[in-house]
Amino acid sequence: FRRVLFRSNATGGDSFRALIGSASDIVAAGIASGPVPTTGPRALTGAPVIGEQITVGGDLTAALGAASPANGTAQPGAQDVPMLQIALSARAEPVEIRTITFQTSGSGDEALDIAQARLLFDANGNGVSDAGDVTLGSPQSFAADNGQISFVLPAEIIPANATRNYLLVYDLTGNPTGAETFEARVVDASGISAFGQASIAPVTATGAYPLLGRTLTLLGGLSITTGPENPGTYRVQPNAQGIATLQLRSEEHTSELQSR
């Protein structure tokens, strides 16, 4: 066997092949009989011998984006709520990203509370949905609580030695209960399917998994009205005390609140 150790500066798509071109490329001798002849019935035969072609693949690393959102809150019905930014970096060859899969968790029910999830190319890398960002693939909805969603990306190619940021955003329904939480993550390398453009081979995305996004907590609400025993209009004397002026009724919406 011939073993080859490639240097780290090998370029994706480079190919290599080992071969023995002719009998003259081998010098052999019998331990007792001496050198193998170059002609005659005992001459070395079988050349050329050609090994299989080896193609060097590229490299892809996955990490949390520098602007992945911090833990925070949102109101029911909010749109374009950022959940997780990931940075994918290609080295040695252009890499096509074919699918990205996210696993979700939290006390909220994604199937009821998330109208849709979308994956954006975060063009300016700022971790929010804004002008210039591009929606990749089709919006996804959740079939079950704490489920998975996968985005199929048509022709999404990261140039060699470049980094691109991708942002997962949620559109919320009006259903979530205050204090409910939501999270999303890329669990491991199987969550990113990629293919080298020069090597024509799968590329594994290495990284410090899981890539965990923010914890999003849904806000509750409060409404106030006058109470059923709200005092009417009346006159009082100077220096009167303990005069009722307003009865207030408060109603909490989908959360435990403390009035101050």
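All values reported here derive from a predicted model rather than from experimental measurement.
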Would you name the heavy atoms of [X] and [Y] that are closest together and state the gap between them?
X    : Y    : value
A205 : A62  : CB-CB, 4.4 Å
N161 : A92  : OD1-N, 3.4 Å
A179 : S107 : O-OG, 4.1 Å
V95  : A194 : CG1-CB, 3.7 Å

[X] [atom1] to [Y] [atom2] distance, which is reported to the nearest 0.5 Å:
X    : Y    : atom1 : atom2 : result
T217 : N71  : OG1   : CG    : 7.0 Å
Q79  : D171 : CD    : CG    : 4.0 Å
L60  : T206 : CG    : OG1   : 7.0 Å
L88  : T163 : CG    : OG1   : 8.5 Å
L219 : Q75  : CG    : CD    : 5.5 Å
I157 : R98  : CD1   : CZ    : 9.5 Å

Mark yes or no for whether [X], through its side chain, and [Y], through its backbone, hold a donor-acceptor pair below 3.5 Å.
X    : Y    : value
D122 : G127 : yes
Q85  : A67  : yes
N175 : L112 : yes
T181 : L216 : no
Q116 : I114 : no
E93  : A198 : yes

Minimum side-chain heavy-atom gap [X]-[Y] below 4.5 Å:
X    : Y    : value
V186 : I192 : yes
P76  : L172 : no
L119 : T135 : no
Y166 : F151 : no
N165 : L167 : no
L120 : L136 : no
S68  : L84  : yes
D133 : N124 : yes

In the hydrophobic clustering (ILVMFWY, side-chain contacts below 4.5 Å, transitive), which residues join V152, or is it alone?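 Members besides V152: none; it forms no cluster.
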Would you give me the side-chain donor-acceptor pairs under 3.5 Å for residues 137-145, sequence neighbours excluded?
{"residue": "Q140", "atom": "NE2", "partner": "S138", "partner atom": "O", "Å": "3.0"}

Will you find, in the side chains of T61 and R91, an N or O donor that is under 3.5 Å from an N or O acceptor? no
Connected via hydrophobic side-chain network under 4.5 Å: [X] and [Y]:
X    : Y    : value
I158 : L153 : yes
V134 : V169 : no
L212 : F102 : no

Test side-chain contact (heavy atoms from CB on, under 4.5 Å), reference L168, set I86, V81, I149, output is I149
When N146, T104, D113 are each screened for side-chain contact (heavy atoms from CB on, under 4.5 Å) with F182, the one that passes is D113
Side chain to side chain donor-acceptor pair (under 3.5 Å) filter on Y170, not counting sequence neighbours, yields none
### Task
Before giving the answer on side-chain contact (heavy atoms from CB on, under 4.5 Å), spell out for R185 and L211 the whole-Å C-alpha distance, their side-chain angles and the decisive distance to 0.1 Å.
CA-CA 5 Å; R185 63 179 57 80; L211 305 180; 5.9 Å; no
Determine which pairs satisfy side-chain hydrogen bond (donor to acceptor under 3.5 Å, both in side chains) with at least one residue from residues 207-216, sequence neighbours left out, and list them in order.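 Listed once each, the pairs are E183-T215.
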Residues pairing under salt bridge (charged side-chain N to carboxylate O under 4.0 Å, His left out) where one sits in residues 192-208, two or more places apart or in two chains, turn out to be none
Filter on salt bridge (charged side-chain N to carboxylate O under 4.0 Å, His left out), then keep only pairs touching residues 65-90, sequence neighbours left out; what's left?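 Passing the test, one end in residues 65-90: D80-R118.
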